[in-house]
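What follows is a short report on a single structure.
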Amino acid sequence: RKEFVDLYVNYVFNESIRKPFEDFMKGFLRGCPGTKWKMFLPAELQIVLEGHTEFDWHLLEKNARYIRYTELDQTIRNFWTVFHKLPEEKKKMFLVFLSGSDRIPGYTLKHFIFSIVDPQDKNPDELYPSASTCSFILFLPR
């Protein structure tokens, strides 16, 4: 029985996926040569591929840049007051809204900069906040 279980487990986890995995590996290494990945320790490689999962939300506030706003504008102060009162999961949802991901890219939060822009609409009460995920821009109507 033990031999059967060992052979079955080997088949399910190794043999049955060998060809699809080899095809995936060949395509992956074509775009990301393996020699480049050897310079990373496993934990570093995980961060490069997955991004950071721990956040300093006050550092995020510090890194924000303002366009047609200043740090002292009431809209900005209100935004950060509400943001810091949100539960952790909602803050991550804001990151998804802003960047398309609930993680900070491989570089550290210290280097993650985003902009808050006043869209300068005649009727700001008729606008919702929106974001440009590629550029990390939050359009926040007054």
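Heavy-atom basis, side chains included; hydrogens, waters and symmetry copies ignored. None of these values were measured; they are calculated from a predicted model.
Interatomic distance, CD of Glu89 versus CG of Asp102, reported as 7.5 Å (0.5 Å rounding). Once rounded to the nearest 0.5 Å, the distance linking CG of Leu140 with OG1 of Thr75 reads 6.5 Å. The line from CG of Leu7 to CG of Asn14 is 11.5 Å long, rounded to the nearest 0.5 Å. Once rounded to the nearest 0.5 Å, the distance linking OG of Ser99 with CZ of Phe114 reads 10.0 Å. Distance check, rounded to the nearest 0.5 Å: CD1 of Ile76 to OH of Tyr69 gives 5.5 Å. Taken to the nearest 0.5 Å, the CG atom of Leu59 stands 11.0 Å off from the CZ atom of Phe112.
In this structure, a donor-acceptor pair under 3.5 Å is absent between the side chains of Glu71 and Trp80.
Of all heavy-atom pairs spanning Glu88 and Phe55, the tightest one is OE2-CD1, 3.9 Å. The two residues Pro124 and Pro141 come nearest to each other via the heavy atoms O-CB, 3.7 Å. Considering every non-hydrogen atom in both Pro119 and Leu127, the closest pair reads CG-CD1, 4.1 Å.
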task: Evaluate the criterion side-chain contact (heavy atoms from CB on, under 4.5 Å) for residue pair Phe83 and Leu60; output intermediate values, then yes/no.
output: CA-CA 11 Å; Phe83 179 82; Leu60 182 72; 4.0 Å; yes
query: Where do Met93 and Phe97 land on the side-chain contact (heavy atoms from CB on, under 4.5 Å) test, with the steps shown first?
result: CA-CA 6 Å; Met93 288 174 68; Phe97 179 73; over 6 Å; no
field: From CA spacing to verdict: side-chain contact (heavy atoms from CB on, under 4.5 Å), Phe79, Leu138
entry: CA-CA 11 Å; Phe79 171 79; Leu138 173 66; 3.9 Å; yes
- request: Walk me through it: do Trp57 and Leu95 pass the test side-chain contact (heavy atoms from CB on, under 4.5 Å)?
  value: CA-CA 11 Å; Trp57 299 112; Leu95 267 184; 3.8 Å; yes
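In this structure a side-chain-to-backbone donor-acceptor pair under 3.5 Å is missing from Asn123 to Asp125. For Arg65 (side chain) and Ser115 (main-chain N/O), no donor-acceptor pair under 3.5 Å exists by modelled atom type. Arg77 places a side-chain N or O within donor-acceptor distance of the main-chain N or O of Leu72, the cut-off being under 3.5 Å.
Tracing side-chain contacts under 4.5 Å through hydrophobic residues (I, L, V, M, F, W, Y), one reaches Phe13 starting from Val5; they form part of the same cluster. Using a 4.5 Å cut-off between side-chain heavy atoms of Ile, Leu, Val, Met, Phe, Trp and Tyr, with links allowed through other members, Ile137 and Val96 fall into different hydrophobic clusters. Linking ILVMFWY residues whenever their side-chain heavy atoms come closer than 4.5 Å, directly or via other members, leaves Phe136 and Val117 in distinct clusters.
Under the 30°/60° scheme for interplanar angles, the aromatic rings of Phe24 and Phe21 are found to be tilted.
For Glu15, the CD atom sits in a packed shell: over 12 heavy atoms of surrounding residues, nucleotides or ligands are nearer than 6.0 Å. By the neighbour-count criterion of 12 heavy atoms within 6.0 Å, atom OH of Tyr11 is sparsely surrounded, having that number or fewer from other residues, nucleotides or ligands.
Looking at Arg142 and Asp73, a side-chain N of the basic residue comes within less than 4.0 Å of a carboxylate O on the acidic one, giving a salt bridge.
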